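Structure record follows, encoded as structure tokens.
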Amino acid sequence: MESKAEHQDAGSVTEIYQEFETWSVNLGDKTIHAKRMPGFYRTLKYFTGATWLVFFLGPYFRWNGNQAVLFDIADRQFHFFNLTVLPQDIWMLSLVLLLMAMTLFAATSVASRVYCGYFCFQTVWTDVFTWIEEKIEGNPLQRRKLDNTPWNLKKIYLKVFKHAIWLIIAALTGISFSIWFVDAYDYWHNLSALNLPKVGWVTLAMFTTGTYILAGLLREQTCFWLCPYARIQGVMTDSQTIMPTYDVKRGEPRGKIHRGGETSRDVKASADCIDCFQCVQVCPTGVDIREGSQLGCITCGLCLDACDSIMDKVGRPRGLIRYASLDEIEGKPIKKLYQHPRTLVYLSIIIIALSGIIFGLTHLGTMTLRVIPERQPLFVSMSDGSIQDKYEFKIVNKTDKDLHVNVSATGGVPGQIIIGAEQPLLTHHGRGTSFTIFVKAPGGSIAQEVTPIQFHIQSMEDPTVTAQYDSKFNAPKP
């Protein structure tokens with residue numbers, strides 16, 4: 001009975017040889033129609049790809065009556081729930097970019113192009129587009145046959161239907177990108193009334209066209225020839241980097257299984273690769289992983305699912321293709337993660353950048369004050385013997401309301417008075433406001449050329465909104 005079952009499994013395996021019997025380097029002259037097979041890594045791709053739903057749904061989430069996350073370029077503000085980040089806090093953006101870059105480099109150093117395989121928008125959108133193509137045109141064999149079929153009404157209908165859905169998704173992508181920068185509901189109202197500004201139409205057209213071409217037409221060629229990351233990732237990996245790897249010792253020499261279940265005569269009984277090409281069939285970039293590490297491999301792990309399913313059918317252990325380093329495959333000692341100096345450097349930079357971002361976000365405040373003393377001249381001697389300094393106040397109101405502020409000072413020269421702030425000063429919400437302030441001090445009270453002085457501002461509407469700035473009062477030598 002067991003022998004009969006094995007023969008049946010072998011027979012089901014031999015049927016796949018008709019699907020794909022040759023492989024050549026992908027030069028872009030033919031469309032890659034990848035086969036979809038269930039498995040752990042395919043399921044993982046679905047989950048990681050689903051994180052991009054935030055891109056489509058995030059702008060519709062409201063907070064206190066406003067869009068929760070809004071990159072308001074027109075007013076030069078970034079709203080994140082109750083937090084408002086202004087251009088004065090742009091240094092945090094540099095840390096965010098540094099954090100993202102180092103995270104990408106660290107992930108590449110450890111697991112090669114794992115970002116490309118599971119999170120990259122090009123990979124995810126292409127996967128969605130090809131899933132739609134499969135639902136409309138059929139499996140890879142049917143799609144190749146359709147491509148080679150002369151044009152007829154059925155082919156025109158299928159192609160037009162497919163491309164129409166692609167264009168709808170591409171347009172939704174452009175709309176979803178746009179509404180991160182303007183209010184989502186206002187955008188839809190203006191779009192339905194065909195009342196978008198010129199920049200809105202241009203942005204929508206560019207993203208719709210770009211998404212349609214990159215995800216629908218170019219597909220894996222984007223990863224091969226257009227993406228710079230494909231070029232630089234090679235210098236970020238080494239023999240200790242984990243990536244999909246073919247175990248040559250187990251699989252070679254390879255040979256096909258015949259209908260009866262016997263392997264080819266020139267193949268050793270211990271060779272596990274049955275040359276079924278399923279690892280190539282499922283690869284979204286058309287790579288044959290058995291030929292070694294290649295530029296087109298995006299580390300998605302789909303070839304692992306395909307190979308493991310075949311190994312199960314022929315009764316051989318899984319792992320002929322597995323996530324492993326080249327050193328592991330060759331039997332060399334494997335270093336642990338913390339033993340990689342490069343990874344530790346990346347991790348250190350990530351921690352520093354993350355600490356800076358957290359510090360910045362927790363110390364934003366609702367109002368900031370910067371005081372710039374006049375340099376030419378440093379001071380003015382008045383006719384009554386007093387000394388007067390001029391200052392430029394730059395006040396940034398980070399709240400959502402205009403506020404009036406009182407100006408005061410501590411330190412400085414005894415008997416000093418503030419001129420130009422006798423009445424509360426009006427600061428505008430969400431931007432900076434400048435004022436010219438004078439400090440006048442009796443000449444007889446001046447004891448030194450430079451005297452420390454601290455300026456304070458406080459909101460009249462909300463006394464908890466305050467800011468201060470340390471400056472200097474300049475005077476002639478006593």
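Position 1 is the first residue of the sequence; numbering continues from there. Just so you know, these numbers come straight off a predicted model, no measurement behind them.
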How long is the straight-line distance from [atom2] of [Y] back to [atom1] of [X], given to the nearest 0.5 Å?
| X | Y | atom1 | atom2 | answer |
| --- | --- | --- | --- | --- |
| Phe71 | Phe78 | CZ | CZ | 4.0 Å |
| Asn64 | His79 | CG | NE2 | 12.5 Å |
| Asp238 | Leu326 | CG | CG | 9.0 Å |
| Ser94 | Leu99 | OG | CG | 12.5 Å |
| Tyr118 | Leu44 | OH | CG | 5.0 Å |
| Glu328 | Lys335 | CD | NZ | 15.5 Å |

Is [Y] close to [X] at the side-chain level, that is, under 4.5 Å between some pair of heavy atoms?
| X | Y | result |
| --- | --- | --- |
| Ile169 | Thr211 | no |
| Thr285 | Ile298 | yes |
| Ile372 | Lys394 | yes |
| Phe181 | Leu70 | no |
| Val280 | Val287 | no |
| Asn139 | Lys35 | no |
| Thr466 | Ser459 | no |
| His428 | Lys401 | no |

Can you list the residues that meet the side chain to side chain donor-acceptor pair (under 3.5 Å) rule with [X], with sequence neighbours excluded?
| X | result |
| --- | --- |
| Lys398 | Asp89 |
| Gln67 | none |
| Thr208 | none |

Quick check: does any side chain N or O of [X] sit under 3.5 Å from a backbone N or O of [Y], one acting as donor and the other as acceptor?
| X | Y | answer |
| --- | --- | --- |
| Trp201 | Leu194 | no |
| Arg254 | Gly251 | no |
| Thr245 | Ala324 | yes |
| Thr222 | Leu218 | no |
| Thr299 | Arg113 | yes |
| Trp166 | Phe129 | yes |

Kindly give the heavy-atom pair with the smallest separation between [X] and [Y], and that separation in Å.
| X | Y | result |
| --- | --- | --- |
| Pro244 | Leu304 | CB-CD1, 3.9 Å |
| Met92 | Ile357 | SD-O, 4.0 Å |
| Ile310 | Cys276 | CG1-SG, 3.9 Å |
| Thr241 | Ser112 | CG2-N, 3.3 Å |
| Pro284 | Glu220 | O-CB, 3.6 Å |
| Cys283 | Ala34 | O-CB, 3.7 Å |

Can we say [X] and [Y] salt-bridge, meaning some charged N sits less than 4.0 Å from an Asp/Glu carboxylate O?
| X | Y | result |
| --- | --- | --- |
| Asp288 | Arg290 | yes |
| Arg42 | Asp127 | yes |
| Asp308 | Lys313 | no |

Output a table of donor-acceptor pairs, distance under 3.5 Å, between side-chain atoms of residues 104-111 and any protein atom two or more places apart or on a different chain; print 'none' if there are none.
unit_1: Thr108; atom_1: OG1; unit_2: Leu104; atom_2: O; d: 2.8
unit_1: Thr108; atom_1: OG1; unit_2: Tyr229; atom_2: OH; d: 2.1
unit_1: Ser109; atom_1: OG; unit_2: Arg342; atom_2: NE; d: 3.3

(request) Walk me through it: do Phe40 and Asp305 pass the test side-chain contact (heavy atoms from CB on, under 4.5 Å)? (result) CA-CA 7 Å; Phe40 173 79; Asp305 285 337; 4.2 Å; yes
Pair [X], [Y]: side-chain N/O donor-acceptor within cut-off below 3.5 Å:
| X | Y | value |
| --- | --- | --- |
| Asn397 | His429 | no |
| Ser325 | Asp327 | no |
| Gln122 | Thr126 | yes |
| Arg143 | Thr31 | no |
| Arg144 | His33 | no |

(message) Would you say CZ of Phe81 has more than 12 non-hydrogen atoms from neighbouring residues, nucleotides or ligands within 6.0 angstrom?
(response)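 Enclosed.
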(request) Step through the shown structure and confirm whether more than 12 heavy atoms of other residues, nucleotides or ligands are within 6.0 Å of CG on Leu153. (result)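 Open: at most 12 neighbouring heavy atoms sit under 6.0 Å from CG of Leu153.
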(request) Please collect all side-chain hydrogen bond (donor to acceptor under 3.5 Å, both in side chains) contacts where either partner lies in residues 149-163, sequence neighbours excluded, each pair once. (result)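 Residue pairs with at least one partner in residues 149-163: Glu133-Lys162, Glu137-Lys159, Glu137-Lys162, Asp147-Lys159, His163-Tyr212.
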(message) Show me the pairs that pass side-chain hydrogen bond (donor to acceptor under 3.5 Å, both in side chains) and involve residues 182-195, at least two apart or across chains.
(response)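 Passing the test, one end in residues 182-195: Tyr60-Trp188, Arg62-Asp183.
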(message) Please evaluate residues Ile329 and Arg322 with respect to the criterion side-chain contact (heavy atoms from CB on, under 4.5 Å), reporting the C-alpha separation (whole Å), side-chain torsions for both, the decisive distance (0.1 Å), and the verdict.
(response) CA-CA 10 Å; Ile329 294 296; Arg322 62 183 183 273; 3.4 Å; yes
(request) Begin from the C-alpha positions of Phe121 and Phe55 and carry the test side-chain contact (heavy atoms from CB on, under 4.5 Å) through to its verdict. (result) CA-CA 10 Å; Phe121 50 88; Phe55 172 78; over 6 Å; no
(request) For residues Phe56 and Trp125, establish whether the separation of their ring centroids is below 6.0 Å. (result)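 Yes, close enough.
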(message) Taking the ring centre of each residue, are Tyr46 and Tyr41 less than 6.0 Å apart?
(response)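 No, they do not, as the ring centres are separated by 6.0 Å or more.
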(request) Under the side-chain contact (heavy atoms from CB on, under 4.5 Å) rule, what do Thr173 and Phe177 come out as? Steps first, then yes or no, please. (result) CA-CA 6 Å; Thr173 301; Phe177 175 82; 5.7 Å; no
(request) Test Tyr246 against Glu252 for side-chain hydrogen bond (donor to acceptor under 3.5 Å, both in side chains), laying out the working first. (result) CA-CA 10 Å; Tyr246 172 64; Glu252 299 297 329; 2.7 Å; yes
